[in-house]
Amino acid sequence: MSACDEHRPGRSISATCDENRSRVDAMIQENRRIEQRDIALQLGISQERVQHIIETINYRKVSARWVPRQLTDSMKEQRKTVAHELLARYRLEGDDFLKNTATGNES
C-alpha cells in the first residue's frame, strides 16, 4: 500500500500560478475589452480558473471593460482636487451652482 497519490487524468491544479496571473494581467492591460473565454483559450486553462485569477488580481468588469477594483493614489488625488474645486464654486455661487450641476451614475 502506498501513501503517495497516483497520477490522475485531467488538468493540474497549477493553473492559478504566478506566471498565469502575470499573463492574465498583461492581456487585460493590453486589451481592456478582452473576454474571459479568449483568455482561457490563449492560456489553455479553464474559464473558471481565469475568473478566479481575475478576482485575485482585483479586476472587475465595468461597461464591458476590465478596470482595477481599487483606485490608485493619483486617481484618489484627482477626485480630491475636483471635490475641493466644486466645494469652492459652491461657496462662491451658492444654490445657483447646484442648479447648473448635472449628475449621473458611473456606468
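The pair Arg89-Glu85 does not meet the salt-bridge criterion, since no charged nitrogen lies less than 4.0 angstrom from a carboxylate oxygen.
Here the shortest heavy-atom pairing between Arg21 and Asp18 reads NH1-OD1, 3.1 Å. Asp38 and Ile34 get closest at one heavy-atom pair: CB-CG1, 4.0 Å. Nearest heavy-atom pair, Leu43 versus Asn20, reported as atom, atom and distance to 0.1 Å: CD1-O, 4.4 Å.
Screening Gln47, Glu48, Glu55 for a side chain to side chain donor-acceptor pair (under 3.5 Å) involving Gln51 leaves a single residue, Glu55.
Note that CD1 of Ile54 is 12.0 Å distant from CZ of Arg49, once rounded to the nearest 0.5 Å. Atoms OG and CZ, from Ser74 and Arg79 in turn, are 11.0 Å apart once rounded to the nearest 0.5 Å. Here CZ of Arg23 is found 8.0 Å from SG of Cys17. Values are rounded to the nearest 0.5 Å. For the atom pair OG (Ser46) and CD (Gln36), the distance works out to 10.0 Å, reported to the nearest 0.5 Å.
Using a 4.5 Å heavy-atom cutoff, the side chains of Ile39 and Ile45 are not in contact. Between Leu98 and Tyr90 there is a side-chain heavy-atom pair separated by less than 4.5 Å. For the pair Lys80/Lys76, no side-chain contact is recorded, criterion being any heavy-atom separation below 4.5 Å from C-beta on.
Around the CD atom of Gln78, the shell of radius 6.0 Å holds no more than 12 heavy atoms that belong to other residues, nucleotides or ligands.
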